[in-house]
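Notes follow the structure.
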Amino acid sequence: MKLTIIGTGYVGLVTGTCFAEVGHQVICVDRDENKVKLLKSGGMPIYEPGLQELVQKNVASGNLSFTNSTVEGVEKSDVIFIAVPTPSMNDGSVDLSFIELVAREIAAAMTSYKIVVDKSTVPVKTGEKVSETIKRYCKAKVEFDVVSNPEFLREGFAVDDFMKPDRVVIGVLTQRPVAAMKEVYEPFNAPIIFTDINSAELIKHAANSFLALKISYINAVSQICEASGANVQEVANGMGMDLRIGRKFLDASLGFGGSCFPKDLSAFIHISEELGYDFALLREVQKINSEQMNRFVKKIIETLWVVKDKTIGVLGLAFKQNTDDVRMSPALDLCLRLQKEGARLRVHDPKAMEKAKAVLKDVIYVDDMNDVADGCDALIIATEWPEFKKLDLERARKALTHPILFDGRNLFDVEEMEKLGFIYKSIGRGR
Ligand code: UDX
């Protein structure tokens, strides 16, 4: 099929590339000329495992192309996907101005029937607004259908998630776009659920908020574990074996971050409020998340007593493993808070150091994770990168002035760390 994706951020670029990979003819549109130039020359604006190779392969095969022109994208394709950012406003609501702008541009460019699919995460009832906008701005007065097709991609695993989705959600208003949407997703052999547009939009916010709730739940349990001397990992393992609960997303941590959960939670709370429901449960999820970080910082301060002028090593800056993304990163937040306390920082991240440099200044960026501990008074693990499990612990213990390790991601075994001579403080494991 001939498909156009408007917006080449994390979602748009992965979507376009994976559609091309399964044989569709894909045009990716972005108004950022530099980005389009970079992509055309085989470069990558983001780090996402496996993506660059896939882009290069599909550009070479002719299935994937890039342009600045929405008109070209709309003219040449039957199905147009909108994948532009929907950032948070200060009050937690969603800024839909990019969606509105793209809807107007599509409307102005349409000369024949098109299916306009929203992939960006949007509040319920946005599809209705997009439809009204296109109707208003389409001079040619051609027919069209608006469809909602929310993405569920995790950064760092986005290509895999796209190629092997648990489910594909498609919200439609009429039957007309159904056959085409089935054809678009047919190569993925995934279960497709068709709903009305409002339900599809709600599924996205409800799913992400539920996942955030699951993390906050286990983080709250981690506090009870610390107060009682229980072990949160054992509790999570036991809970997770109940198939109704499942073990995934029960890893206690210093809190969830990233560009989705914090934003989607705020948005869902805001939308609910506008619709007359006070979603107090989700406000509590947010509260637990920020308290989790406060408690971790408190633990560091209590252990070191005076943080001012201490040198602290921090492993991890990205908001989670497998990404260079530092937006709403708990790790970065932690660094900034320690700096405020007067600490000097030596930091390392396998992929996120370049992006962190724009936000985190006056720290020493260390290339090799094993060199971070040199001359430090304490070491912190802030991101769950699997390579940190391979840290040379013997070397770290010797390099630290005192062998204190704060593990915000529970990567190591408590007993083993104590045997190795560390003062080891993690989350929800022991008092
Ligand atoms: C999330 C959703 O998973 C995805 O479906 C949606 O489309 C976008 O938002 P993403 O933000 O990329 O994806 O990351 P995810 O892997 O879900 O992790 C989010 C945050 O939760 C990270 O900060 C991570 O470290 C944290 N987390 C995750 C925990 O603290 N504990 C867990 O058990 C799992």
Side-chain angles (χ1 to χ4, degrees), residues 9-12 14-15 46-49 51 83 85-86 88 119-122 149-162 164-169 200-201 203-222 232-233 235-237 239-240 245-268 285-286 288-293 295-296 315-334 349 351-352 381-386 388 407-411 426-428:
Y10 278 99
V11 174
V14 173
T15 301
I46 51 166
Y47 169 73
E48 186 61 44
L51 187 59
T86 51
S88 266
K119 245 207 179 300
S120 305
T121 302
V122 293
N149 172 214
E151 56 83 19
F152 299 98
L153 310 176
R154 291 165 302 163
E155 287 179 24
F157 304 93
V159 171
D160 236 34
D161 284 351
F162 201 97
K164 290 177 253 154
D166 290 348
R167 80 313 204 179
V168 174
V169 174
E201 289 168 341
I203 286 170
K204 174 62 196 262
H205 272 133
N208 265 6
S209 298
F210 189 83
L211 290 167
L213 177 146
K214 206 172 171 189
I215 300 170
S216 273
Y217 184 83
I218 201 67
N219 279 338
V221 170
S222 80
V232 73
Q233 279 175 320
V235 175
N237 290 343
M239 284 172 64
I245 298 175
R247 177 63 181 82
K248 289 180 184 160
F249 276 68
L250 283 180
D251 290 320
S253 62
L254 36 72
F256 58 76
S259 63
C260 289
F261 285 174
K263 171 171 97 85
D264 292 355
L265 254 184
S266 305
F268 200 28
V285 169
Q286 289 179 314
I288 294 170
N289 201 48
S290 52
E291 274 174 5
Q292 194 71 358
M293 175 61 83
R295 282 171 187 269
F296 195 67
L315 289 169
L317 298 167
F319 80 96
K320 63 167 197 179
Q321 59 174 304
N322 257 358
T323 181
D324 63 346
D325 196 349
V326 295
R327 287 175 295 173
M328 302 292 285
S329 167
L332 214 59
D333 181 24
L334 178 65
D349 189 283
K351 292 286 174 201
I381 292 170
T383 305
E384 69 273 43
W385 279 99
F388 294 161
D407 184 354
R409 298 289 182 169
N410 288 348
L411 294 191
S426 56
I427 308 265

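Whatever order the structure lists ligands and atoms in, that order sets their numbers, starting from 1. Note that the structure is predicted; figures quoted are calculated from it, not measured.
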Next item on the list: Answer yes or no on whether K214 is positioned over the face of F249, meaning its NZ or CZ is under 6.0 Å from the six-membered ring centre and within 45° of the axis.
Entry: no
Margin query: Can you tell me which portion of F157 lies within the under-4.0 Å heavy-atom range of ligand 1? Options are side chain, backbone, both, or neither.
Written below: neither
Notebook entry, point to check: Considering only heavy atoms of E384, which atoms of ligand 1 have at least one such atom less than 4.0 Å away?
Noted result: 24 (C), 25 (O)
Check: To the nearest 0.1 Å, how far is atom 3 (O) of ligand 1 from its closest protein heavy atom, and which atom is that?
Finding: R154 CG, 3.4 Å
Notebook entry, point to check: Quick one: which ligand 1 atoms are inside 4.0 Å of a heavy atom on C260?
Noted result: 8 (C), 9 (O), 11 (O)
Notebook entry, point to check: Any heavy atom of S253 sitting closer than 4.0 Å to ligand 1?
Noted result: yes
Checklist line | Any N/O pair G257/ligand 1 closer than 3.5 Å | finding: yes
Margin query: Give me the nearest non-hydrogen protein atom to atom 16 (O) of ligand 1 as residue plus atom name, then the distance to 0.1 Å.
Written below: K320 NZ, 3.1 Å
Item checked: Nearest non-hydrogen partners of A158 and E48, listed with the distance -> N-OE2, 2.9 Å
Item checked: Residues, nucleotides or ligands: over 12 heavy atoms within 6.0 Å of M239 CE -> yes
Next item on the list: For L153, take its heavy atoms, then give the atoms of ligand 1 lying under 4.0 Å from any of them.
Entry: 4 (C), 6 (C), 7 (O), 8 (C), 13 (O)
Margin query: Closer than 4.0 Å to some heavy atom of E155 - which atoms of ligand 1 meet that?
Written below: 12 (O)
Next item on the list: Check the pair T121, K204 against side-chain hydrogen bond (donor to acceptor under 3.5 Å, both in side chains), reporting the backbone distance first and the verdict last.
Entry: CA-CA 7 Å; T121 302; K204 174 62 196 262; 2.9 Å; yes
Next item on the list: Specify the protein heavy atom at minimum distance from atom 17 (O) of ligand 1: its residue, its atom name, and the distance to 0.1 Å.
Entry: F249 CZ, 3.2 Å
Note to self: Show the atoms of ligand 1 that are less than 4.0 angstrom away from any heavy atom in R409.
What the structure shows: 25 (O), 30 (O)
Checklist line | Closest non-hydrogen atom pair between D324 and K351, with its separation | finding: CB-O, 3.3 Å
Notebook entry, point to check: Mind checking whether K204 has a heavy atom under 4.0 Å from ligand 1?
Noted result: yes
Note to self: Out of all atoms in ligand 1, which are within 4.0 Å of some heavy atom of F261? Include the element for each.
What the structure shows: 1 (C), 2 (C), 3 (O), 9 (O), 17 (O), 19 (C)
Notebook entry, point to check: With backbone taken as N, CA, C and O and side chain as the heavy atoms from C-beta onward, which portion of L250 lies under 4.0 Å from ligand 1: side chain, backbone, both, or neither?
Noted result: backbone
Next item on the list: Do me a favour and list the nearest non-hydrogen protein atom to atom 28 (C) of ligand 1 with residue, atom name and distance?
Entry: I215 CD1, 3.5 Å
Check: Of all heavy-atom pairs between G12 and A83, which one has the smallest distance, and what is that distance?
Finding: CA-CB, 3.6 Å
Next item on the list: Under 4.0 Å from a heavy atom of F152: give me the atoms of ligand 1 that qualify, with their elements.
Entry: 4 (C), 5 (O), 7 (O)
Next item on the list: Indicate the atoms forming the closest heavy-atom contact of A318 with D349, along with that distance.
Entry: N-OD2, 2.9 Å
Item checked: N/O donor-acceptor pair under 3.5 Å between E151 side chain and S120 backbone -> no
Next item on the list: Determine the minimum heavy-atom distance between F152 and A207, stating which atoms define it.
Entry: CE2-CB, 4.4 Å
Notebook entry, point to check: For ligand 1, which atoms, with element, lie under 4.0 Å from some heavy atom of E151?
Noted result: 7 (O)
Notebook entry, point to check: Taking the inter-plane angle between the rings of H205 and F268 on a 0 to 90° scale, is it parallel (under 30°), tilted (30 to 60°) or perpendicular (over 60°)?
Noted result: parallel
Margin query: Side chain, backbone, both or neither: which applies to D251 and ligand 1 if a contact is any heavy-atom pair less than 4.0 Å apart?
Written below: both
Notebook entry, point to check: Short question: side chain of S329, backbone of A331 - any donor-acceptor pair under 3.5 Å?
Noted result: yes
Note to self: Check contact between K248 and ligand 1, using heavy atoms of the residue and a distance below 4.0 angstrom.
What the structure shows: no
Note to self: Let me confirm one number: the CG-CD1 distance from L213 to I218, rounded to the nearest 0.5 Å.
What the structure shows: 11.5 Å
